[in-house]
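Residue numbers run from 1 in the order of the sequence given. If you're wondering where the values come from, they're calculated on a predicted model, not measured in any experiment.
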Amino acid sequence: MPHPEELLEIFPNPEPGREYTIDIDCPEFTSVCPRTGQPDFGTIHITYVPGDSCLELKSLKLYLQSFRQQGIFYEAVTNAILDHLVAACAPRRMTVIGDYSARGGITTKVAAAYP
């Protein structure tokens with residue numbers, strides 16, 4: 001099975017000379033708490049200014065689904081997603097926000113930014 005980041009595909013930016021923003025919301029993100037083994041649910045918000053490449057959305061969906069059975073803390077997965085997406089498409093700027101659902105009466109948002 002490929003590493004999760006190998007699932008990511010890109011395509012040429014149709015307007016590489018123009019600076020514009022792409023916002024993507026992925027409201028069905030799931031992973032597993034490494035301490036309890038319980039599922040974690042949340043929304044991953046991705047905002048980026050593309051460089052020469054854009055993220056292909058079906059591959060992004062498959063990439064995010066690869067975390068479904070992985071035991072990983074919110075902070076680690078949010079930063080891993082940012083690292084993998086930046087490596088895949090080399091954006092000018094990117095922010096990834098993990099907005100995780102309440103567990104035990106506590107909600108968590110983790111934001112990671114490039115550069």
When you compare the side chain of [Y] with that of [X], does any pair of heavy atoms fall below 4.5 Å?
{"X": "Pro39", "Y": "Thr30", "result": "no"}
{"X": "Tyr20", "Y": "Pro50", "result": "yes"}
{"X": "Arg93", "Y": "Glu19", "result": "yes"}

key: Derivation of the side chain to side chain contact (heavy atoms under 4.5 Å, CB included) call for Met94 and Leu82   = CA-CA 8 Å; Met94 180 177 280; Leu82 176 67; 3.8 Å; yes
ask   = With sequence neighbours excluded, what pairs up with Glu75 under the salt bridge (Lys or Arg N to Asp or Glu O under 4.0 Å) test?
value = none
message = Pair Ile81, Leu64 - check side chain to side chain contact (heavy atoms under 4.5 Å, CB included), show working.
response = CA-CA 8 Å; Ile81 291 168; Leu64 291 173; 3.8 Å; yes
inquiry  = Determine whether a donor-acceptor pair (N or O, by modelled atom type, separation under 3.5 Å) exists between the side chain of Asp99 and the backbone of Thr43.
reply    = no
ask   = Step by step, would you call Thr36 with Arg103 a side chain to side chain contact (heavy atoms under 4.5 Å, CB included)?
value = CA-CA 12 Å; Thr36 65; Arg103 173 166 308 174; 3.6 Å; yes
First locate atom [atom1] of [X], then atom [atom2] of [Y], and finally report the distance between them rounded to the nearest 0.5 Å.
{"X": "Leu55", "Y": "Cys89", "atom1": "CG", "atom2": "SG", "value": "4.0 Å"}
{"X": "Ser31", "Y": "Asp40", "atom1": "OG", "atom2": "CG", "value": "4.5 Å"}
{"X": "Glu56", "Y": "Leu8", "atom1": "CD", "atom2": "CG", "value": "9.5 Å"}
{"X": "Cys54", "Y": "Leu60", "atom1": "SG", "atom2": "CG", "value": "12.5 Å"}

List the atom of [X], the atom of [Y], and the distance in Å for their closest heavy-atom pair.
{"X": "Ile10", "Y": "Ser53", "answer": "CD1-OG, 3.4 Å"}
{"X": "Arg92", "Y": "Tyr114", "answer": "O-CE2, 4.1 Å"}
{"X": "Pro16", "Y": "Asp52", "answer": "CB-OD1, 4.1 Å"}

[X] with [Y], same ILVMFWY side-chain cluster at under 4.5 Å:
{"X": "Ile97", "Y": "Ile72", "answer": "no"}
{"X": "Val86", "Y": "Val96", "answer": "yes"}
{"X": "Phe29", "Y": "Ile24", "answer": "yes"}
{"X": "Ile22", "Y": "Val49", "answer": "no"}
{"X": "Tyr63", "Y": "Leu57", "answer": "yes"}

query = Between the side chains of Thr78 and Tyr100, is a donor N or O closer than 3.5 angstrom to an acceptor N or O?
reply =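 Judged by distance alone, the side chains do pair up.
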ask   = Considering residues at least two apart in sequence or located in another chain, which fulfil the ring pair (Phe, Tyr, Trp, His ring centres under 6.0 Å) criterion with Tyr48?
value = none
message = Among residues at least two apart in sequence or on other chains, which ones pass side-chain contact (heavy atoms from CB on, under 4.5 Å) with Ser101?
response =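 Partners of Ser101 by the side-chain contact (heavy atoms from CB on, under 4.5 Å) criterion, ordered by chain and then number, come out as Phe41.
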